[in-house]
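Have a look at the structure below before the remarks.
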Amino acid sequence: MSLRPERQAPPEFFYNETEARKYTTSSRIIDIQAKLTERALELLALPDDGVPRLLLDIGCGSGLSGETLSEHGHQWIGLDISQSMLDIALERETEGDLLLSDIGQGLGLRPGTMDGAISISAVQWLCNADKSCNHPRTRLKQFFGSLYKCLARGARAVLQIYPENAPQLEMISAAALRCGFSGGLVVDYPHSTRAKKYFLCLMCGPPSTSTSLPKAKGLDRGSESEGSSDADEEAGTVDILERKRPSKKQKDKKGKGRSWVLKKKEQRRHRGYTNVPQDTKYTGRKRKSQF
Amino acid sequence: MRLITHNMLSCNIKGVTNGYPLGIEASRLETKESELNPEFLRKIFPKLEWKALRDAAHSLGLNDLPEHVEPSMLEDADFLKNFHHALLEVHLEEGALICPETGRRFPVTKGVPNMLLNEDEV
């Protein structure tokens with residue numbers, strides 16, 4: 001099995017001239033891209049009134065997906081990080097406008113302007129930390145935050161992704177939901193390894209009854225149920241403190257305390273870290289002086 | 001890049017609060033004809049910042065857009081023609097976009113603005 005492109009080089013270098021050239025010569029790639037875009041448009045569920053919309057094509061590359069959008073009569077703006085791919089798009093004389101930009105730095109579009117957004121096989125690149133200044137979590141947050149802002153109310157975004165593994169998929173969808181999107185994952189052909197395609201369908205604004213997508217679960221539930229037992233524990237410690245009546249100096253030495261630890265852990269969970277240890281009765285307890 | 005895209009773009013540098021509209025420095029323009037679609041123009045009209053569009057058109061040497069607009073003008077064929085021409089037919093091929101707050105230049109080459117930010121601007 002060949003190595004994933006994401007593992008080989010950052011996108012702006014991976015999609016060099018030779019790689020970009022494939023997107024005009026390989027009929028297989030062209031065919032797949034067109035099919036994915038068709039499906040994404042279908043999931044985008046634009047109102048069927050024949051009026052062209054202004055759409056966003058995130059990671060437009062050589063403009064193959066954009067061509068399908070143009071065929072449906074829509075105006076579009078494409079973003080990509082690879083100059084070589086955009087050069088190919090210019091060669092193909094695509095109809096949409098192209099921007100050379102890094103979606104991990106935020107989109108830089110005016111709020112509420114876009115009628116929808118599609119992305120074909122691009123967003124998983126955000127999970128790479130190619131440079132020391134790149135933090136996947138921050139980049140995902142920047143991207144989804146700015147995407148949410150620029151979409152009109154009630155608009156949808158359909159992002160087709162190739163996640164490397166389950167945690168990566170979870171990281172991407174959790175980042176989207178944290179930015180205010182509702183919606184979830186649609187998996188086409190889940191039983192086939194090759195034809196399996198993940199579409200992240202995101203909706204702006206409050207979830208309506210017309211949306212029949214599965215919602216991601218287990219975002220906050222764990223911490224809620226443990227909240228009550230924490231309060232009891234804390235009450236216990238307060239009693240002990242009262243009895244001892246520590247001097248001010250001793251109080252300072254005690255450290256940050258259980259509530260502080262719990263607060264910090266909650267913050268980290270909220271930021272999307274999955275490696276935060278569970279809250280138990282041992283959390284924040286002082287270790288014995290000897291084992 | 002057409003003016004419709006310019007109308008949607010704002011400066012994305014960290015800390016910039018008023019990065020809209022971007023100034024235009026044009027050294028080469030191109031006009032590509034496209035089909036006029038009144039439906040689309042009516043749909044996109046409420047989303048545009050008219051002043052920004054008019055100023056941008058001005059800086060590209062298009063003086064046909066009126067200063068004040070009302071939705072009723074969208075029925076007028078002449079207005080629609082000018083509107084369509086400025087919004088969708090004139091392409092900025094070479095030049096630069098300039099952030100109004102910091103003065104940062106985003107060069108435009110072959111019609112593609114380079115909006116990549118440096119590490120310290122993110």
Side-chain angles (χ1 to χ4, degrees), chain A residues 12 46-47 49-54 56 60 63 70 73-83 85-87 89-91 93-115 131-135 138-139 142-143 145-146 149-153 155, chain B residues 1-16 18-22 30 32-49 52-53 84 87-93 97 99 104 106-122:
Chain A
E12 59 269 44
L46 293 168
D49 51 7
V51 181
R53 312 275 154 161
L54 183 62
L56 200 60
C60 62
S70 294
H74 298 298
Q75 296 284 349
W76 54 277
I77 298 177
L79 302 136
D80 206 284
I81 195 174
S82 159
Q83 181 69 56
M85 291 292 267
L86 290 177
D87 285 340
L90 287 173
E91 246 176 63
E93 299 191 339
T94 51
E95 281 176 39
D97 279 343
L98 306 168
L99 299 173
L100 178 65
S101 82
D102 182 357
I103 54 172
Q105 296 175 342
L107 299 176
L109 294 162
R110 209 148 52 78
T113 48
M114 298 291 154
D115 299 316
K131 300 176 202 150
S132 61
C133 62
N134 278 5
H135 302 291
T138 357
R139 285 164 65 75
Q142 281 266 4
F143 166 64
S146 56
K149 256 195 270 173
C150 80
L151 286 177
R153 206 177 151 75
Chain B
M1 188 193 69
R2 299 166 297 181
L3 286 189
I4 185 173
T5 308
H6 170 264
N7 208 277
M8 304 301 169
L9 267 185
S10 68
C11 175
N12 201 21
I13 298 175
K14 190 180 184 182
V16 169
N18 191 20
Y20 184 85
L22 296 165
E30 218 169 274
K32 294 174 194 162
E33 289 207 3
S34 67
E35 202 181 325
L36 193 151
N37 187 332
E39 287 286 308
F40 177 72
L41 292 178
R42 277 178 209 130
K43 183 102 181 60
I44 199 80
F45 179 75
K47 288 185 183 164
L48 294 171
E49 283 278 333
L53 177 67
H84 172 74
L87 192 69
L88 298 169
E89 288 191 331
V90 179
H91 293 245
L92 174 64
E93 288 293 315
L97 301 176
C99 169
R104 159 80 145 86
F106 298 98
V108 181
T109 42
K110 290 187 279 182
V112 181
N114 181 345
M115 302 303 285
L116 293 178
L117 302 178
N118 298 331
E119 277 177 35
D120 57 336
E121 292 169 331
V122 182

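Naming: A, B, ... by sequence-line order, numbering from 1 per chain.
For chain B, the nearby part of A:E95 is the backbone; its heavy atoms alone come within less than 4.5 Å. Proximity to chain B is limited to the side chain of A:L86, based on heavy atoms less than 4.5 angstrom apart. Interface remark: B:E121 contributes no atoms to any contact with chain A (heavy atom separation under 4.5 Å). Heavy-atom distances place the side chain of B:L88, and not its backbone, under 4.5 Å from chain A. Neither the backbone nor the side chain of A:L79 comes within contact range of chain B, judged by heavy atoms closer than 4.5 Å.
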Practice prompt. May I have the step-by-step check of side chain to side chain contact (heavy atoms under 4.5 Å, CB included) for A:D87 and B:K110, ending in yes or no?
Written response: CA-CA 9 Å; A:D87 285 340; B:K110 290 187 279 182; 3.1 Å; yes
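Between A:S101 and B:M115 the shortest heavy-atom distance is CB-CB, 3.8 Å. Nearest heavy atom pair, residue B:K47 against residue A:M114, reads NZ-C, 4.5 Å. Contact between B:L117 and A:Q105 at its shortest, heavy atoms only, is N-OE1, 3.0 Å.
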Side-chain donor-acceptor pairs of residues 38-45 of chain B under 3.5 Å, sequence neighbours excluded:
none

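The shortest distance between side-chain heavy atoms of B:L9 and A:L99 falls below 4.5 Å. At least one side-chain heavy atom of A:L100 sits less than 4.5 Å from a side-chain heavy atom of B:L116. Two residues are said to be in side-chain contact when any heavy atoms from C-beta on lie closer than 4.5 Å; A:L54 and B:M8 meet this criterion.
Rounding to the nearest 0.5 Å gives a distance of 8.5 Å between CG of B:N37 and CD of A:Q75. Rounding to the nearest 0.5 Å gives a distance of 7.0 Å between CE of B:M1 and CG of A:D97. Atom CD1 of residue B:I4 and atom CD1 of residue A:I77 lie 6.5 Å apart, to the nearest 0.5 angstrom.
For B:D120, the salt bridge (Lys or Arg N to Asp or Glu O under 4.0 Å) criterion is met by no residue, not counting sequence neighbours.
Of the possible donor and acceptor atoms, none in the side chain of A:R110 sits under 3.5 Å from a partner among the backbone N and O of B:S10.
Ranked by heavy-atom pairs shorter than 4.5 Å toward chain B, the options A:E12, A:R53, A:Q142 are led by A:R53.
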